[in-house]
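Just below is one structure, and these are the notes that go with it.
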Amino acid sequence: MAYWLMKSEPDAYSWQQMVKDKKTGWSGVRNYQAANNMKAMKIGDEAFFYHSNEGKEIVGTVKISKLYHPDPSDESGKFGMVEVTAGSAFKTPVGLAEIKVHEKLKDMAFVRQSRLSVSPVTAAEWKVICKLGGV
DNA sequence: GCCAACGTTGGC
DNA sequence: GCCAACGTTGGC
């Protein structure tokens, strides 16, 4: 069981939409490192849903429900996608500012590499953030 | 709206 | 295969 963090701009695809859709194909990733992370995902892995740009906070969790497969929206055929299912909504969103000053979270992969849209999360980080988020 | 970080592209 | 130019992301 592994943990991840997936970013989305609320303008493009918000948590509210995620909850409404219940599941969605995570298409549109055009970055090898992010794609590699998705390749490593297994069914049942969990990921944080992070709002970038607007909000800058983790708002909930999702579960991987379909393995990495080709992304039809990618004409080059180089990139793939996974499918995720909505998990729990945070009672209290966990903001980037809070993460950056937290002793156990400030070295998270997505803080260090802000441009990476899909990044790994350790089990310890997962626990801490879930607690902060109230789930 | 600016800018830093960083990935990608293309000329050589 | 290097590296400059350029584009994109995302925080502030």
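What you are looking at is a predicted structure, and each value in this text was computed from that prediction instead of being measured.
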Original post:
In whole angstrom, what separates A:Leu96's CG from C:dG11's P?
Top reply: 6 Å
Original post:
B:dG7 P sits how many Å from A:Asn36 CG, rounded?
Top reply: 13 Å
Original post:
When you measure from the side chain of A:Tyr32, which nucleotide among C:dG10, C:dC12, B:dT8 comes out closest?
Top reply: B:dT8
Original post:
Roughly how many Å is it from CZ in A:Arg115 to P in C:dG11, rounded to a whole number?
Top reply: 12 Å
**OP:** Taking only Lys NZ, Arg NE, NH1 and NH2, and the carboxylate oxygens of Asp or Glu, determine whether A:Asp71 and A:Lys78 approach each other closer than 4.0 Å.
**Re:** no
Subject >> Along DNA chain B (nearest heavy atom to each residue), the more 5'-positioned of A:Gln113 and A:Asn53 >> reply: A:Asn53
**OP:** Answer with base, sugar-phosphate or nothing: what part of the nucleic acid does A:Leu116 contact at a heavy-atom distance below 4.0 Å?
**Re:** nothing
Original post:
Can you tell me how far P of B:dT8 sits from CG of A:Asp74, to the nearest Å?
Top reply: 12 Å
**OP:** May I ask you to evaluate whether A:Gln33 reaches the phosphate of B:dC6, defined as a side-chain N or O under 4.0 Å from OP1 or OP2?
**Re:** no
**OP:** Give one of base, sugar-phosphate or nothing for A:Tyr50, where a contact means two heavy atoms less than 4.0 Å apart.
**Re:** sugar-phosphate
**OP:** Send over the distance from A:Phe110 CZ to B:dC6 P, rounded to a whole Å.
**Re:** 15 Å
**OP:** In whole angstrom, give the distance that lies between atom CD1 of A:Ile58 and atom P of C:dG10.
**Re:** 14 Å
**OP:** State whether A:Lys56 places a side-chain N or O below 4.0 Å from either non-bridging phosphate oxygen (OP1 or OP2) of C:dG10.
**Re:** no
Original post:
For DNA chain B, whose closest nucleotide is more 5', that of A:Ser114 or that of A:Phe79?
Top reply: A:Ser114
Subject >> Donor-acceptor side-chain pairing of A:Ser52 and A:Arg115 below 3.5 angstrom >> reply: no
Subject >> Atom pair distance, as rounded to whole Å: NZ in A:Lys106 and C1' in C:dG11 >> reply: 19 Å
Original post:
Using a distance-only test with no angle check, is there a side-chain donor-acceptor pair under 3.5 angstrom linking A:Thr122 and A:Glu125?
Top reply: yes
Subject >> Smallest separation among heavy atoms of A:Phe110 and A:Ser119, with atom names >> reply: CB-OG, 3.3 Å
**OP:** Could you pull out the closest heavy-atom pair between A:Asn37 and A:Val118, with the gap in Å?
**Re:** ND2-O, 2.6 Å
Original post:
Which whole-number value in Å describes the distance from A:Asp11 CG to C:dG11 P?
Top reply: 13 Å
Original post:
Looking at C:dG10, B:dC6, C:dC12, which one has an atom nearest to any side-chain atom of A:Lys100?
Top reply: C:dC12
